[in-house]
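Report on the structure given below.
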Amino acid sequence: MLKVADKTHDESRQGEAFAPFAVDPSSYHKRFYIESYGCAMNFSDSEIVASILQGEGFGATRNFEEADLILLNTCSIREKAEQTVRKRLTEFRKIKKSKPGMLVGVLGCMAERLKAKLLEEEKLVDIVVGPDAYRSLPGLIGEAETGQKTVNVLLSREETYADISPVRLESNGISAFVSIMRGCNNMCSFCVVPFTRGRERSRDAQSIVAEVQELFNQGFREVTLLGQNVDSYHWSPENEGHNGWGKAVTFANLLEMVAQVHPDMRVRFSTSHPKDITEEVLTTMARYENICKYIHLPVQSGSTRVLQLMNRTYTREWYMAKVDQIMRIMPDCALSSDIIAGFCTETEEEHKDTLDIMSYSKYDFSYMFIYSERPGTLAARRYKDDIPEEVKKRRLQEIVDLQGALSLASNERDLGKTFKVLIEGDSKRNQEEWKGRNSQNKVVVFPKEEYAYQPGDYVWVTIHDRTQGTLIGRISKG
Ligand code: SAH
Ligand code: SF4
Ligand code: F3S
């Protein structure tokens, strides 16, 4: 089973209906259980790990008590994320005592950050594997079975797992993540990701298109192209002309290639760094109806001075001009953001600048965090984490309250509008209702009525009511 503890991305996807595993787990001689924390990249990586393990005769189980191998795919983004994993590990201690042959492995960003230290700190851990070393898992498991503790945290400049077909572990059968690049070359001063995920590299465009085509054939109707900074996607074919483009593939080119797989396959992407999203990407989005009109464009702060300390490389005015450009090209585009409250030396005035830029950008949704100092980052080395906890908390609350009002206002603007909605499944509260999403990524709930629609179908829905997080509508008859 996959679980989110420290949610950095699309939280609303959690807890939905499970699709059956691709292969009957009872046909395997060993069982693994995997739990994922952190961002969508980690969830996507767990599907690659599942594929590697299946090749070794391991079947997935949703019950950790019957597992021969427990894996935690971990996140280091904030201190709290790491604490959650440590707590979870102590819970596994009991089972391990009663089941001596069982192995416990830590994967992902915490494995990369702490390396062999994790084995000393967490005695029950047998295997530590970083994000670029999952191909070595079978060998490491073999060694661990002989009683050795094993570690592989080598980062790679090439690994993209392009040839590995992910096992869709927990899926509604409609939406899937497709990883298009790995690593990050930006050095945002607060961020641990460049240390845990290594240098940026892009996956072969052909393998991405092939994966999306395969998903479409299996009935999937929405893909989210994933990377820490998707706009710096860049892939050069080894042979000119080999990809049919005869040139290197940019993110705008890739979006177009994926959009052309099928008009009924919706395309989303995450995350965009404001400095890298080009006009070409925006005009490509506008040209294809099936590229969703939604951009996650993390601002982090609304103050130019704080942005400089954060090493985000844009100013407040530059970001606002980017928002204007998006709205000019796609007036119906939804925007969301990541915001950090209480970064080092942030003044009250600068905090107000953040509130102000939120109102300017009219975010439909935001992920909002208290600044958490991460060892080894530029900010930890250079600046003092000097905003008192209660001030950070109060500022975060003001940000959360404002976002609540902005989300509600955004939903109110949708009253009376009719949207094309992709049905994902039953609404959580009522089996007589469908739940789906519009292009803007808003959740839409509506009665099934007498129609014989299925998950994966598109339907036009007119909105007559709203909450802060949901649009409520009726199937449009006209
Ligand atoms: N690559 C993505 C973000 C990855 S991390 C991007 O650049 O947008 C997701 C979010 O976590 C970040 O956007 C940031 O808002 C938040 N974050 C990262 N490091 C943090 C820290 N040390 N403290 C608090 N929030 C942090
Ligand atoms: Fe972290 Fe910045 Fe890279 Fe995003 S772009 S992963 S915030 S360093
Ligand atoms: Fe966390 Fe690593 Fe993602 S630190 S947010 S799991 S890249």
Side-chain angles (χ1 to χ4, degrees), residues 2 4-11 35-46 72-82 84-85 106-114 130-132 155 177 179 181-200 226-233 269-277 295-302 306-307 309-314 319 335-344 346 354 363 366-381 383 385 387 392-393 395-396 399:
L2 294 153
V4 200
D6 186 68
K7 301 160 188 165
T8 56
H9 280 88
D10 194 353
E11 308 176 47
E35 222 171 76
S36 301
Y37 296 80
C39 66
M41 291 295 293
N42 255 15
F43 284 78
S44 169
D45 280 1
S46 290
L72 292 188
N73 198 354
T74 61
C75 175
S76 289
I77 202 82
R78 285 166 289 277
E79 200 184 343
K80 219 171 107 201
E82 293 199 353
T84 310
V85 167
V106 176
L107 315 177
C109 292
M110 226 174 134
E112 192 61 51
R113 194 179 84 73
L114 294 163
D132 286 347
L155 286 172
F177 292 130
S179 162
M181 60 185 304
R182 300 180 70 82
C184 182
N185 284 0
N186 295 317
M187 272 287 170
C188 303
S189 64
F190 51 80
C191 184
V192 78
V193 172
F195 304 95
T196 61
R197 294 256 162 187
R199 305 292 293 169
E200 205 167 270
L226 284 184
Q228 292 301 344
N229 183 13
V230 287
D231 298 278
S232 56
Y233 177 88
F269 54 89
S270 181
T271 301
S272 295
H273 193 300
K275 78 174 163 56
D276 291 320
I277 189 162
I295 302 176
H296 183 56
L297 197 71
V299 69
Q300 313 297 358
S301 163
V306 174
L307 286 167
L309 291 184
M310 288 177 164
N311 202 20
R312 287 292 284 185
T313 72
Y314 52 84
Y319 184 94
L335 277 185
S336 63
S337 194
D338 290 348
I339 297 162
I340 297 179
F343 187 65
C344 315
E346 182 189 69
T354 297
Y363 296 126
S366 288
Y367 298 93
M368 301 155 280
F369 312 105
I370 281 182
Y371 172 61
S372 161
E373 186 175 271
R374 307 311 292 132
T377 56
L378 214 72
R381 284 182 278 134
Y383 316 126
D385 180 11
I387 308 298
K392 282 183 178 171
K393 278 193 184 146
R395 288 183 188 169
L396 177 70
I399 290 169

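Values in this document were obtained by computation on a predicted structure and should not be read as measured data. Each ligand, and each atom within it, is numbered from 1 in the order the structure gives.
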Closest heavy-atom contact between [X] and [Y]?
X	Y	answer
Arg395	Gly342	NH1-CA, 4.4 Å
Leu297	Tyr319	O-OH, 2.6 Å
Ala111	Thr74	N-OG1, 3.7 Å
Val299	Tyr314	O-OH, 2.8 Å
Ile387	Phe343	CG1-O, 3.5 Å
Gly130	Glu112	CA-OE1, 3.3 Å

side-chain hydrogen bond (donor to acceptor under 3.5 Å, both in side chains) for Tyr371 and Glu373? Distances and angles first, verdict last. CA-CA 6 Å; Tyr371 172 61; Glu373 186 175 271; 4.5 Å; no
Any Lys/Arg nitrogen of Lys392 or Asp385 sitting under 4.0 Å from an Asp/Glu carboxylate oxygen of the other?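 Judged by the 4.0 Å cut-off on N to carboxylate O distance, Lys392 and Asp385 do form a salt bridge.
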Could you name all protein N, O or S atoms found under 2.8 Å from atom 2 (Fe) of ligand 2?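 Protein N, O or S atoms closer than 2.8 Å to atom 2 (Fe) of ligand 2: Cys188 SG.
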Does only the side chain of Glu373 get under 4.0 Å from ligand 1, or the backbone, or both, or neither? Count heavy atoms.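 Contact part for Glu373 vs ligand 1: neither.
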So which bit of Pro298 gets within less than 4.0 Å of ligand 1, heavy atoms only: side chain, backbone, both or neither?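 Just the side chain.
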So, 4.0 Å and heavy atoms of Ile77: is ligand 1 close enough to count as a contact?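 Ile77 counts as a contact of ligand 1 under the 4.0 Å cut-off.
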Is there at least one pair of N or O atoms, one from [X] and one from ligand 1, spaced under 3.5 Å apart?
X	answer
Gln228	yes
Phe190	yes
Thr271	no
Arg78	yes

Heavy atom to atom 13 (O) of ligand 1, shortest distance: which of Val192, Asp338, Asp276, Asn186 holds it?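 Looking at heavy atoms only, Asp338 sits closest to atom 13 (O) of ligand 1.
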Gln300, Met310, Arg312: member with heavy atom nearest to atom 15 (O) of ligand 1: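 Nearest option to atom 15 (O) of ligand 1, by heavy atoms: Gln300.
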Quick check on Ser76 - does any of its heavy atoms sit under 4.0 Å from an atom of ligand 3?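 Ser76 counts as a contact of ligand 3 under the 4.0 Å cut-off.
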Say whether Met110 and ligand 3 are in contact under the criterion: heavy-atom distance to a ligand atom below 4.0 Å.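 The answer is no: ligand 3 sits nowhere under 4.0 Å from a heavy atom of Met110.
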Can you measure from CD (Gln300) to OG (Ser189) and round to the nearest 0.5 angstrom?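 Atom-to-atom, Gln300:CD and Ser189:OG are 10.0 Å apart.
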Inter-residue atom distance Met181.CE - Glu200.CD, 0.5 Å rounding: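 Between Met181 CE and Glu200 CD, I get 3.5 Å after rounding to 0.5 Å.
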Met41 and ligand 3 - part of the residue with a heavy-atom distance under 4.0 Å: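 Within the 4.0 Å criterion, Met41 makes no contact with ligand 3.
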Whether Cys109 has an N, O or S atom under 2.8 Å from atom 2 (Fe) of ligand 3: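 Checking atom 2 (Fe) of ligand 3 against Cys109, an N, O or S atom does fall under 2.8 Å.
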Tell me, please, which residues at least two apart from Arg312 pass salt bridge (charged side-chain N to carboxylate O under 4.0 Å, His left out).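 By the salt bridge (charged side-chain N to carboxylate O under 4.0 Å, His left out) rule, Arg312 matches no residue at all.
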Of all the atoms in ligand 3, which lie at a distance below 4.0 Å from a heavy atom belonging to Asn42?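 So the atoms of ligand 3 that pass are 6 (S).
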Those atoms of ligand 3 less than 4.0 Å from some heavy atom in Gln228: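 That gives atoms 7 (S) of ligand 3.
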